[in-house]
2 protein chains.
Amino acid sequence: MATETLTAERILAATEDVLRLYGPAKATVVDVARALGVSHGSVYRHFRTKAALREAVTKRWLDRTTAELSRIVADGSRSAEDRLALWNVALFTAKRKKAGADPQLFATYEVLLRENSGVVDEHITELVGQLVRIVQDGVDAGDFTPVEGDVEATARAVFDATIRFHDPVYAAEWSKPGIEAEMDALLALLVNGLKRRP
Amino acid sequence: MATETLTAERILAATEDVLRLYGPAKATVVDVARALGVSHGSVYRHFRTKAALREAVTKRWLDRTTAELSRIVADGSRSAEDRLALWNVALFTAKRKKAGADPQLFATYEVLLRENSGVVDEHITELVGQLVRIVQDGVDAGDFTPVEGDVEATARAVFDATIRFHDPVYAAEWSKPGIEAEMDALLALLVNGLKRRP
DNA sequence: CAGCTGACAGATTTCAATATCTGTCAGCTG
DNA sequence: CAGCTGACAGATATTGAAATCTGTCAGCTG
């Protein structure tokens, strides 16, 4: 049979399937190899360790969210104020959806968190970077005043302030009734804090 | 020998010692009884379960912080703005100190968190209550405007926004250099958001 | 000879037997 | 007889042996 050649991409797809099926605690490299019909030695030809494989899958999964959010960042038709709120709501919605619809991959993400994986750091850096762009736009438009004149620190502060709505640690609270209202109150407070005083 | 009678207070003190020595994972009710020179059945006469004992010890430990903070709340010689910042810094400092100086009792506190103990809820309710008083004072003095006119929700939003600086989950980050600057930026943003616009 | 296999060493996990702990209570004791 | 003890049942934790997994690599194969 003309079995396709083994590529990193095929391995990632198979690993995602295996993780979805067994979860990060039970999924093994042997399972992934079995799903692909190869020996596990072949998988190690493409990924040096199991951790690297796990990280590559999670990175892909996280990048899907970042790509979605970048559209809000780039939306020139809206004010920075609107985009800031939209972006935060979209991030919250995306994370909550991931936690609910993809619990096993979400659990994998939590494993990386505990491992202090660079993938998570990069994800956070990327998200804060997006916030920096929105805040900078607001400053340029004369709508926002950054804290201590430091746009980077201000974006970081906004990200930290909303941590309850994007850190997986709090995933259990995301389905609590009233959580949206709590987020709205917090966002209103933050936007107010950013606004330039006339 | 005129051994003192066994009181709840003596049991609590002994339990605190035992917890400090062995930590929540290893400390047993038998250890506590041994420290007191009684049988473990006697301990159960005063506390219905081991969890109740653990909670009572932790409650006492948490209440020491709340008492300290209440002095800042009640300090009429300072503006609400100042007290808000002072209170948050004091809470952060107290938590960080507890994590560093009392790691075993801090670990016990984390156990209660995982157990969804009512003691933690009460602690949080009390803290938010203190914030409500500060925010209300600010509103009364004409310095603050509450979000959507709701002082309670506003205080809660401030508490949520600073969660990184008081939730034990983040204890590992509390000794990171630059953390104080990050907190200052966030507090500046929040205070600015609270301020009434002229 | 590039890519894959499968046997292997060491690390990690599983599992079941054993030990310890929690919570109860009948009865002892001062 | 109020307060304490210690034996007990069931729940939980520990332990060590066996099983499985990770990561390597010499050699096979198309």
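Chain letters run A, B, ... following the sequence lines, proteins first and then strands; every chain starts at 1.
OP1 or OP2 of D:dT5 lies within a sub-4.0 Å distance of a side-chain N or O belonging to B:Ser42. Between D:dT22 and A:Thr49, no contact under 4.0 Å exists linking OP1 or OP2 to a side-chain N or O.
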A:Glu68 and A:Arg64: CA distance, side-chain angles, deciding distance, salt bridge (charged side-chain N to carboxylate O under 4.0 Å, His left out) verdict
CA-CA 7 Å; A:Glu68 250 183 70; A:Arg64 282 177 224 154; over 6 Å; no

For a salt bridge (charged side-chain N to carboxylate O under 4.0 Å, His left out) check, start with the C-alpha distance between B:Lys59 and B:Asp63, then their side-chain angles and the critical distance, and finish with the verdict.
CA-CA 6 Å; B:Lys59 180 172 180 8; B:Asp63 284 351; 2.9 Å; yes

For a salt bridge (charged side-chain N to carboxylate O under 4.0 Å, His left out) check, start with the C-alpha distance between A:Asp137 and A:Arg133, then their side-chain angles and the critical distance, and finish with the verdict.
CA-CA 6 Å; A:Asp137 284 356; A:Arg133 276 193 277 159; over 6 Å; no

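Using Watson-Crick or G-U wobble geometry with both donor-acceptor distances under 3.5 Å, C:dC25 finds its partner in D:dG6. For D:dG30, the paired base is C:dC1 (Watson-Crick or G-U wobble, both distances below 3.5 Å). When Watson-Crick and G-U wobble pairs are counted only if both distances are under 3.5 Å, D:dT14 pairs with C:dA17.
A:Tyr170 and A:Lys95 form no side-chain donor-acceptor contact under 3.5 Å, judged by distance and modelled atom types alone. Between B:Thr145 and B:Lys195, the side chains place no donor N or O within less than 3.5 Å of an acceptor N or O (distance only, hydrogens not considered).
The residue among B:Arg45 and A:Arg45 whose nearest nucleotide of DNA chain C is located toward the 5' end is A:Arg45. Toward the 5′ end of DNA chain C lies the nearest nucleotide of A:His46, the other residue of the pair B:Arg48 and A:His46 mapping further downstream. Toward the 5′ end of DNA chain D lies the nearest nucleotide of B:Ala25, the other residue of the pair A:Val29 and B:Ala25 mapping further downstream.
In this structure, A:Arg34 atom CZ and C:dT5 atom P are separated by 14 Å, rounded to whole Å.
For B:Val38, the listed nucleotide lying nearest its side chain is D:dT5; candidates were C:dG6, D:dC4, D:dT5. Taking every side-chain heavy atom of B:Lys50 into account, C:dG23 is the closest of D:dC4, C:dC4, C:dG23. Taking only side-chain atoms of A:Lys26, from C-beta outward, the nucleotide of C:dT14, D:dT22, C:dT22 with the closest atom is C:dT14.
Counting any heavy atom pair closer than 4.0 Å across all strands shown, A:Thr28 reaches sugar-phosphate atoms only and no base atom.
Residue-to-nucleotide contacts include a donor-acceptor pair under 3.5 Å from the side chain of A:His40 to the base of D:dG23.
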